[in-house]
Amino acid sequence: MPELAEVEYYRKQWSPGLEQKVVSVDVNYDKRIFRDVDTLALVKNLPGQQLMSSHTHGKQMLFVFGSQHWLGIHLGMTGKTSTQKKDYEATKHDHLVINLKLGLKLVLSDPRIFGKVRYTQSSEPPDWWSNLPPAVLSEAFTEARLEDFLQRRSRAPIKAVLLMQETFPGVGNWMADEILWRARLHPGTRCGAIKPKQRRELYHHLGEVCRDALKVIGSDWGKPPDNWLFNHRWKDGGICPKTQCPLVRETIGGRTTCWSPDWQGGPS
DNA sequence: CTATTTGTTTATCC
DNA sequence: AGGATAAACAAATA
């Protein structure tokens with residue numbers, strides 16, 4: 001589920017635990033979500049540490065404990081974070097529970113376990129955090145950068161390319177559709193066929209959708225307004241808010257894609 | 001019982 | 001060699 005803005009929302013769900021000290025950590029050891037984690041070290045070394053800060057970058061979250069404990073969480077398809085009271089009973093999908101002083105519990109649940117936990121002990125931020133690509137809303141994400149990438153992926157459909165985290169960290173399926181719809185670009189358009197004018201539109205709406213999503217969903221998971229594609233894309237018989245014509249759904253780039261044929265034209 | 005899912009990695013094909 | 005695409009991962013929901 002979680003894309004850029006949802007991840008920001010879930011980061012905040014652990015904020016009640018800021019400044020609090022870890023008492024103990026419960027882990028579902030055999031779960032795939034811990035495939036790259038030394039769970040024994042996590043359970044042994046996190047207690048005693050204070051939750052100092054939390055951050056997001058694209059779909060990646062970072063929780064800093066003490067001065068050298070770095071906990072990374074990727075929510076995959078169905079991951080969720082929450083803070084619970086001390087009488088909370090963990091369910092079978094609560095794979096990580098961090099028990100804090102004063103009885104708060106920081107819970108990570110993930111039924112499908114496509115998510116991923118990371119844990120590094122070091123004085124410097126770990127590579128998996130510092131080597132992330134420039135965020136879409138950062139200074140470093142220039143129009144030239146977008147242009148280079150479209151050039152390099154010239155034969156792939158733009159929908160598939162927008163989902164590539166190496167260049168568009170945080171963009172997921174619904175955001176990609178929303179961006180293309182606003183930019184009036186057919187999702188099947190090969191990147192090499194995108195005209196300079198359309199490229200500028202794409203760049204503009206890419207940033208716009210990220211900002212809008214963070215504003216509406218990232219703060220308190222509000223409902224997006226009806227003039228977004230968002231509210232119309234899931235259900236059968238959806239209507240394009242721009243043209244009042246029927247929306248179409250089809251698999252493009254391996255993912256369910258929704259677009260408005262008379263608004264976004266044909267592929268390439 | 002079958003089809004579907006807002007994500008990523010790996011394998012395979014071109 | 002590098003890019004494009006399909007399959008795999010796992011479990012709930014319709």
Side-chain angles (χ1 to χ4, degrees), chain A residues 1-11 28-37 56-61 72-81 91-96 108-118 128 131-133 136 148-181 187-194 206 209-210 212-214 216-218 221-224 228-238 247-259 267-268:
Chain A
M1 182 187 232
E3 305 179 22
L4 184 78
E6 291 90 343
V7 170
E8 169 62 12
Y9 172 83
Y10 281 123
R11 175 189 71 79
N28 280 351
Y29 287 97
D30 56 337
K31 294 299 177 184
R32 203 181 117 83
I33 198 168
F34 295 115
R35 56 197 176 278
D36 289 341
V37 175
T56 63
H57 185 112
K59 297 176 186 171
Q60 183 66 45
M61 292 193 283
I73 295 180
H74 191 295
L75 295 168
M77 201 84 110
T78 53
K80 286 178 165 53
T81 49
T91 70
K92 65 172 174 173
H93 298 309
D94 295 334
H95 307 305
L96 175 67
L108 168 66
S109 71
D110 185 2
R112 285 175 71 182
I113 329 182
F114 287 176
K116 181 162 164 163
V117 174
R118 294 179 157 100
W128 53 258
N131 292 347
L132 291 167
V136 173
D148 285 351
F149 197 67
L150 292 182
Q151 201 80 177
R152 193 142 44 88
R153 303 286 169 161
S154 59
R155 290 171 47 190
I158 180 63
K159 168 63 187 272
V161 168
L162 279 175
L163 294 176
M164 293 178 178
Q165 301 300 297
E166 58 186 287
T167 308
F168 306 104
V171 174
N173 206 22
W174 81 254
M175 287 179 74
D177 285 359
E178 186 79 31
I179 291 160
L180 293 173
W181 177 72
T189 312
R190 306 284 140 175
C191 290
I194 298 175
L206 176 63
V209 168
C210 289
D212 286 354
L214 282 170
V216 173
I217 295 169
W221 208 300
K223 185 181 187 297
W228 294 16
L229 179 64
F230 188 93
N231 290 339
H232 312 271
R233 53 166 285 133
W234 303 116
K235 48 185 188 289
D236 286 332
L247 295 166
V248 169
R249 271 180 302 174
E250 203 176 285
T251 298
I252 296 180
R255 307 295 300 282
T256 299
T257 300
C258 177
W259 78 97
S268 312

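Residue numbering restarts at 1 for every chain, and letters A, B, ... go by the order of the sequence lines.
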Checklist outcome for this item: Side-chain contact check for A/Thr256: nearest option of C/dT5, C/dA11, B/dT4 is B/dT4
Checklist entry - Considering heavy-atom distances to DNA chain C, does A/Gly254 or A/Arg152 have its closest nucleotide positioned more toward the 5' end? => result A/Arg152
Item to check | Separation of the P atoms in B/dA3 and C/dA7, to the nearest angstrom | outcome: 14 Å
Checklist entry - For A/Ile73 and B/dT8, what is the distance between atoms CD1 and C1' respectively, to the nearest whole Å? => result 17 Å
Next on the checklist: Please report the distance, rounded to the nearest Å, between CD in A/Glu8 and C1' in B/dT6.
Outcome noted: 17 Å
Can you give the donor-acceptor pairs under 3.5 Å from side chains of residues 158-166 of chain A to other protein atoms, not counting sequence neighbours?
{"from": "A/Lys159", "atom 1": "NZ", "to": "A/Asn173", "atom 2": "OD1", "distance (Å)": "2.6"}
{"from": "A/Lys159", "atom 1": "NZ", "to": "A/Asp177", "atom 2": "OD1", "distance (Å)": "2.8"}
{"from": "A/Lys159", "atom 1": "NZ", "to": "A/Thr256", "atom 2": "O", "distance (Å)": "3.4"}
{"from": "A/Lys159", "atom 1": "NZ", "to": "A/Thr257", "atom 2": "OG1", "distance (Å)": "2.8"}
{"from": "A/Gln165", "atom 1": "OE1", "to": "A/Gly170", "atom 2": "N", "distance (Å)": "2.9"}
{"from": "A/Gln165", "atom 1": "NE2", "to": "A/Leu163", "atom 2": "O", "distance (Å)": "3.1"}
{"from": "A/Gln165", "atom 1": "NE2", "to": "A/Val171", "atom 2": "O", "distance (Å)": "2.8"}

Checklist entry - So, is A/Lys80 close to the C/dA12 phosphate, meaning a side-chain N or O under 4.0 Å from OP1 or OP2? => result no
Item to check | Pair pattern of DNA chain C in dot-bracket, where unpaired bases get dots and | marks partners in another strand, Watson-Crick or G-U under 3.5 angstrom | outcome: .||||||||.||||
Next on the checklist: Expressed as a whole number of angstroms, how long is the span from A/Ile33:CD1 to C/dA10:P?
Outcome noted: 13 Å
Checklist outcome for this item: In this structure, NE2 of A/His93 is separated from OG of A/Ser109 (nearest 0.5 Å) by 8.5 Å
Item to check | Given B/dT5, C/dT5, C/dA10, the nucleotide with the shortest approach to the side chain of A/Met77 | outcome: B/dT5
Checklist entry - Quick one: is A/Gln165 getting a side-chain N or O under 4.0 Å of the B/dT8 phosphate, OP1 or OP2? => result yes
Checklist entry - Counting any heavy atom closer than 4.0 Å, what does A/Gly172 reach on the DNA or RNA strands: base, sugar-phosphate only, or nothing? => result sugar-phosphate
Item to check | Base B/dT5 to side chain A/Arg112, donor-acceptor N/O within 3.5 Å cut-off | outcome: yes
Checklist entry - Side chain of A/His74: nearest nucleotide among C/dA10, B/dT6, B/dT8? => result B/dT8
Item to check | Interatomic distance at P, B/dA11 relative to C/dA10, whole Å | outcome: 15 Å
Item to check | Nearest-neighbour nucleotide for the A/Lys59 side chain, B/dT8, B/dT6, C/dA11 considered | outcome: B/dT8
Next on the checklist: At less than 4.0 Å, is any side-chain N or O atom of A/His93 found next to OP1 or OP2 of C/dA10? Yes or no.
Outcome noted: no
Item to check | Verdict with reasoning, A/Trp228 to A/Arg233, per side-chain contact (heavy atoms from CB on, under 4.5 Å) | outcome: CA-CA 9 Å; A/Trp228 294 16; A/Arg233 53 166 285 133; over 6 Å; no
Item to check | Worked check of side-chain contact (heavy atoms from CB on, under 4.5 Å) between A/Leu108 and A/Lys80 | outcome: CA-CA 6 Å; A/Leu108 168 66; A/Lys80 286 178 165 53; over 6 Å; no
Next on the checklist: Expressed as a whole number of angstroms, how long is the span from A/Tyr10:OH to B/dG7:C1'?
Outcome noted: 14 Å
Checklist entry - Expressed in angstrom and rounded to an integer, what is the separation of A/Glu6 atom CD from B/dT5 atom C1'? => result 14 Å
Checklist entry - From the list C/dA4, C/dA11, B/dG7, which nucleotide is the closest neighbour of the side chain of A/Arg153? => result C/dA4
Checklist entry - What's the CD1-P distance between A/Ile252 and B/dT5, to the nearest Å? => result 13 Å
Item to check | Residue that, paired with A/Asp110, satisfies side chain to side chain contact (heavy atoms under 4.5 Å, CB included) out of A/Leu75, A/Ile73, A/Thr78, A/Leu96 | outcome: A/Thr78
Item to check | Euclidean distance, atom CG of residue A/Asn28 to atom C1' of C/dA11 [Å, nearest integer] | outcome: 15 Å
Checklist outcome for this item: Between the CE atom in A/Met175 and the CD1 atom in A/Ile217, the distance rounded to the nearest 0.5 Å is 8.5 Å
Checklist entry - Are A/Trp181 and A/Phe230 close enough that their ring centres sit under 6.0 Å apart? => result no
Next on the checklist: Using a 5.5 Å cut-off between ring centres and planes within 30 degrees, is A/Phe114 stacked on the base of C/dC9?
Outcome noted: yes
Item to check | Integer-rounded Å distance: B/dT6 C1' and A/Leu162 CG | outcome: 14 Å
Item to check | Lys/Arg N to Asp/Glu carboxylate O, A/Asp36 vs A/Lys116, below 4.0 Å | outcome: yes
